[in-house]
Amino acid sequence: MTDMLRAPAEVKFAEELDWLESIDDGAKPFSWRLSPKMVRLFILGSERSDGLDREIPQKWFGDRSFVERSIVTLASDRGLLLIGDPGTGKSWLAELLSAAICRNSTLVVQGTAGTTEDHIKYSWNVSMVIAKGQSRESMIPSPIMTAMEQGVVGRFEELTRSTSDVQDALISILSEKYVSIPELDDDNIVFAKPGFSIIATANSRDRGVNDLSSALKRRFNFVKIPVVTSKKSEAEIVRFRTEELLRRHSIELDVPPTLLDILLQSFADLRAAAASATSDDEKLESALSTAEQIGVLEDAILHSNFFGDRTLRAQTLAGSLVGSLARRTPEDLAILNKYWHGVIEPRSKKDGGPWTEFLEGGRQAISTLS
């Protein structure tokens, strides 16, 4: 893991997965490494009633029913589509599901405007084709085809960002469970082995970019992941990700609970302002997601560690928040300036303490960027 900037879930939690597999006596669909109950436990964490000899920490924070429906879908070999706003943890849930089910979350296709049918089926090693002709040896299977051959889970990120012809190529894969290779005379069909399925993700904000056809929708079970509205749940997510960051960078730095509360409250205020805005010009370009909240805190922690006194302060947090959310000039800066004067300043006068530092830090950052 020390040689990886970011280890996939099956590597990061390998020891935990090995242990769960060793005690798992539940029925397993297809070639799954863990039973559905153990998959759920791995993702949502253990409870006392589970009667385990060790605690399994929670890794994804959300409603239990979303995880259970996702697991049931994959056990039925149907495609699973996780849909929701940016930063709701769709990709992280997809990675955890793949890691628990087949110990491989890296068979991923990233959907973009440049994604082609080759990316989900196969392409050719040109030099080998020139030397020996087209054969299975000179074929380069896509991550999806590899998942079919191995009977494991393949992932498709940002499905609605890929074009309609790419999406249509998924229809036969999801329904027929095989891919034809017309360039070959023999051995020209790749059949999916039991256990193969696809987890796709899509941002609800991308509706209208490349909408899914009704035929493709029928091949997927939809699980809509809502925005986290519980301040307690969001605090747990931010704390979990922050601890992971500190371990990865070997940083010893405390995040004072008061500063975490300030960050959570600021995002809650800005979301409320965006919800009541009457035009896009009155909204920040940022989605104000939990993921962006984590990014703000990460920026502040690294700045404090490298350029500060290794103590996270409200002034640094304010600067990171303004710097991260002010993407349009002057529109976003005007919105943040209004928020700082209308909300942060009165709160600073009322509550004092770190809110006063937060006020000054934000003012300086806005002035610098203006």
*Asks:* Are any of the side-chain heavy atoms of Q110 and E158 separated by less than 4.5 Å?
*Replies:* yes

*Asks:* Under 6.0 Å from the ring centre and within 45 degrees of the ring axis: does the NZ or CZ of R363 meet both conditions for the six-membered ring of W340?
*Replies:* no

*Asks:* Going by distance alone, is a donor N or O of one side chain under 3.5 Å from an acceptor N or O of the other, for E157 and S91?
*Replies:* yes

*Asks:* Among Q364, E357, E360, find the one that has a side chain to side chain donor-acceptor pair (under 3.5 Å) with Q315.
*Replies:* Q364

*Asks:* I'd like to know if the side chain of S46 pairs up with that of E55 as donor and acceptor (distance under 3.5 Å, no hydrogens or angles considered).
*Replies:* no

*Asks:* Distance only, no hydrogens: is a donor on one side chain within 3.5 Å (strictly under) of an acceptor on the other, for Y339 and E345?
*Replies:* no

*Asks:* In sequence, state the C-alpha distance, the side-chain angles, and the governing distance for L336 and L284, and then conclude on side chain to side chain contact (heavy atoms under 4.5 Å, CB included).
*Replies:* CA-CA 8 Å; L336 289 168; L284 290 170; 4.0 Å; yes

*Asks:* Flag this pair as yes if the NZ/CZ of K59 is under 6.0 angstrom from the six-membered ring centre of F42 and inside a 45 degree cone about the axis; otherwise no.
*Replies:* yes

*Asks:* Taking atom types as modelled, find out whether S138 and N125 have a side-chain donor-acceptor pair closer than 3.5 angstrom.
*Replies:* no

*Asks:* Between N221 and T73, does any side-chain donor sit less than 3.5 Å from a side-chain acceptor?
*Replies:* yes

*Asks:* In terms of ring plane angle, is the pair F240 and W92 parallel, tilted or perpendicular, where the classes change at 30° and 60°?
*Replies:* tilted

*Asks:* Any chance the side chains of T278 and E282 put a donor and an acceptor closer than 3.5 Å?
*Replies:* yes

